[in-house]
Amino acid sequence: MVLKVYNSLTNKLENFEPIQARKVSMYVCGPTVYNYIHVGNARSVVAFDTIRRYFEYLGYDVNYVSNFTDVDDKMIKAVAEQGITVSELADKFIKAYFEDTKALNVEPATKNPRATDNIADIIAFVSDLIDKGYAYSVDGNVYYRARKFKTYGELGHEDLDTLESGASQHVSKEELKQKEDPIDFALWKAAKSGEISWDSPWGKGRPGWHIECSVMSTKYLGDNFDIHGGGIDLEFPHHENERAQSEAKTGEKFVNYWLHNGFVTVGDDDEKMSKSLGNFVTVHDLLQKVDPEVLRFMMSTTQYRRPVHFSQAGINEAATNLNKIQTAYRNLDYRLQDADADNDPKVDQEVRQIQADFQDAMDDDFNVQNGITEVYELAKLGNVYSERPVVFADTIKLIMQRLQQLTSIFGVDLKIGSFNDQEVENLIEERNQARADKNFARSDEIRDELKEQGIILEDTPQGTRFRRENKV
RNA sequence: GGCGGUAUAGCCAAGUGGUAAGGCAGAGGUCUGCAAAACCUUUAUCGUCGGUUCAAAUCCGACUACCGCCUCCA
């Protein structure tokens, strides 16, 4: 089966055809770094990391670029309140971003460019748009002539005339006076006194929001690249504007496939989690309590276009399901000690079939829900196999290897012996002696004590083993 | 107002024409000293109304509810 992706530009499922064979270039809009990322931000990061990992699973070499918006109105406001510089604020939260996303097992991007490191390129880009007649400067501001870009509105599926009336309610009077047309948007903003600024042909100022992504994506990925991703809220106007800017400048098609992830929602009526609504939970805070693996699993096992409802029940369910897979993996590993050195061709064939089904599911616009179902199938196959009286090592290893391979796409690293604890080992030994002596009061006491610490004991025909419970 | 999305069992959720995948929770069972884990069995007619069809959750029409974008937002 061919990989199909849903292109937001056409609102259709399309066969994925890379610009260069075996290579994927993708740009994903990153956060504005004035706070810790919240669960909604993380969802986007995780969604595209999962997509990237699937491309890599398929054998693609992925060039993955994701930016940091490190100067804008909110940054400036926060800086004024906190009495620090814009770059200090940015540095702090970029560092936090890397900590949080690393915990969520997000692969590092090939490149994480910052807007403020690309000011010269941004100025050159804006100048070029002015030269081409797509932009004009007014009192130190530069605006893009949206209507001049013939397909403006196509990505957001918006009609320009209805847009105009909608937009006019929200644009400040001052800005409206300067603009030739209310739908025009800022490429460069003149600095107010005391604000961070850079010199430009139009006076001191700073880049508008949309321009940085046009500049950095084409700079690092070329004028035309495969995939551009981000939250669905960015489709219009942010991505619309990026597209207008980039195609006006280069005269080439900017992006081949636009992918947009759905929101994280909260509450009974599924409200969007967002900073402006104030209903957000930062990853930084959440990870004090919940295992990062659980959070990662919860987010990456929902298809990227679907909303993720954020709730304790959802976290619990993710923990249970993750545990199911982890347990199957451990069950298999446990039987390796008494396995015969051989394989079972019939089971091996079943494993391959599950993997093929998995791939079919994922090829359908990264349908992770059907994909994870196949992983559960594989886990069950493993569990059933583990209970056979006679097992073969090569088959066990095959199942384990495939479990690991498939779950890694979701950002889960299956491993054995995640921790060593002599004290626990000693208690297990004591408990086994108590059990042998039929002193079940003592043996149960030990088991309860360990459970208090989040350590679960399991007695199996091959002996007693222990695991740590996932925190939720 | 314009545009877009969603609506399937207690919960999460697959499924785009042939009589509803999977997971969680629940019930029963096997295993266990008891557990845990695992395995087996078991639980829906698909928001409402109408239409097309031999046949619809799946196509068409109307409606309802919720969410989102049009302003900063992943």
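We name chains A, B, ... by the order of the sequence lines, and we start the count at 1 in each one. Just so it is clear, the values below take in all heavy atoms, side chains as well, and ignore hydrogens, waters and symmetry mates. None of these values were measured; they are calculated from a predicted model.
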Please give, in whole Å, the distance from [N] [atom2] to [X] [atom1]?
{"X": "A:Phe93", "N": "B:A74", "atom1": "CZ", "atom2": "C1'", "answer": "17 Å"}
{"X": "A:Lys12", "N": "B:G5", "atom1": "NZ", "atom2": "P", "answer": "12 Å"}
{"X": "A:Leu104", "N": "B:A74", "atom1": "CG", "atom2": "P", "answer": "16 Å"}
{"X": "A:Phe236", "N": "B:C70", "atom1": "CZ", "atom2": "P", "answer": "8 Å"}
{"X": "A:Ile232", "N": "B:U6", "atom1": "CD1", "atom2": "C1'", "answer": "13 Å"}

Aromatic ring pairing A:Trp258/A:Phe254, orientation class (parallel under 30°, perpendicular over 60°, tilted between):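 Aromatic pair A:Trp258/A:Phe254 classed tilted.
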Identity of whatever pairs with [N] - Watson-Crick or G-U, under 3.5 angstrom:
{"N": "B:G50", "answer": "B:C60"}
{"N": "B:U19", "answer": "none"}
{"N": "B:G4", "answer": "B:C67"}
{"N": "B:G33", "answer": "none"}
{"N": "B:G26", "answer": "B:U42"}

Who are the salt bridge (Lys or Arg N to Asp or Glu O under 4.0 Å) partners of [X], not counting sequence neighbours?
{"X": "A:Glu195", "value": "A:Arg206"}
{"X": "A:Glu293", "value": "A:Lys415"}
{"X": "A:Asp360", "value": "none"}
{"X": "A:Arg330", "value": "none"}

Classify [X] by what it touches in the nucleic acid, base, sugar-phosphate, or nothing, heavy-atom distance under 4.0 Å.
{"X": "A:Asn41", "value": "base"}
{"X": "A:Phe48", "value": "nothing"}
{"X": "A:Asp159", "value": "nothing"}
{"X": "A:Val264", "value": "base"}
{"X": "A:Thr320", "value": "sugar-phosphate"}
{"X": "A:Glu271", "value": "sugar-phosphate"}
{"X": "A:Gly314", "value": "nothing"}
{"X": "A:Gly40", "value": "base"}

Give the B/S/- string for nucleotides 30-37 of chain B, one per nucleotide from 5' to 3', where a protein heavy atom under 4.0 Å of the base yields B, of only the sugar-phosphate yields S, and otherwise -. ---BBBBS
Treat primed atoms plus P, OP1 and OP2 as sugar-phosphate and everything else as base, then score nucleotides 12-17 of chain B 5' to 3': B for base contact with protein heavy atoms under 4.0 Å, S for sugar-phosphate contact only, - for none. BSSS--
Of A:Tyr152, A:Phe185, A:Trp188, the residue whose pairing with A:Tyr144 passes ring pair (Phe, Tyr, Trp, His ring centres under 6.0 Å):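 Of the listed residues A:Tyr152, A:Phe185, A:Trp188, the ring pair (Phe, Tyr, Trp, His ring centres under 6.0 Å) partner of A:Tyr144 is A:Phe185.
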What salt bridge (Lys or Arg N to Asp or Glu O under 4.0 Å) pairs are there with at least one residue in residues 304-321 of chain A, not counting sequence neighbours?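 Found A:Arg305-A:Asp365.
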Does a salt bridge link [X] with [Y], judged by any charged N lying under 4.0 Å from a carboxylate O?
{"X": "A:Arg431", "Y": "A:Asp459", "result": "yes"}
{"X": "A:Arg147", "Y": "A:Glu180", "result": "no"}
{"X": "A:Lys4", "Y": "A:Asp364", "result": "no"}

Side chain of A:Thr32, heavy atoms from C-beta onward: which of B:G68, B:A74, B:C66 has the nearest atom to it?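 Between B:G68, B:A74, B:C66, the one nearest the side chain of A:Thr32 would be B:A74.
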Nearest to the side chain of A:Lys380, which nucleotide is it out of B:A25, B:G23, B:C72?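 Nearest listed nucleotide: B:G23.
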Pairs flagged by ring-ring contact (aromatic ring centres under 6.0 Å, His included) wherever residues 427-459 of chain A is involved - sequence neighbours left out: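 Every pair satisfying ring-ring contact (aromatic ring centres under 6.0 Å, His included) with a residue in residues 427-459 of chain A: there are none.
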Give me the distance, rounded to whole Å, that separates [N] from [M] when you measure between the [atom1] atoms they each carry.
{"N": "B:U58", "M": "B:U45", "atom1": "C1'", "answer": "13 Å"}
{"N": "B:G23", "M": "B:A13", "atom1": "P", "answer": "16 Å"}
{"N": "B:U19", "M": "B:A55", "atom1": "P", "answer": "15 Å"}

Near RNA chain B, which residues from residues 67-79 of chain A have a heavy atom under 4.0 Å away?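 Residues of residues 67-79 of chain A under 4.0 Å from RNA chain B: A:Lys74.
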Start at the 5' end of RNA chain B and walk down; is the nucleotide closest to A:Leu381 or to A:Gly156 reached first?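 Nearest nucleotide further toward 5': that of A:Gly156.
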Comparing A:Glu377 and A:Asp268 on RNA chain B - which has the more 5′ nearest nucleotide: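 With A:Glu377 and A:Asp268 compared, the 5'-side residue is A:Glu377.
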Examine B:A74: is either OP1 or OP2 under 4.0 Å from a nitrogen or oxygen in the side chain of A:Lys272? Give yes or no.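 Result: no.
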Please enumerate all residues that pass ring pair (Phe, Tyr, Trp, His ring centres under 6.0 Å) together with [X], with sequence neighbours excluded.
{"X": "A:Tyr27", "value": "A:His228"}
{"X": "A:His38", "value": "A:Phe280"}
{"X": "A:Phe98", "value": "A:Phe68"}

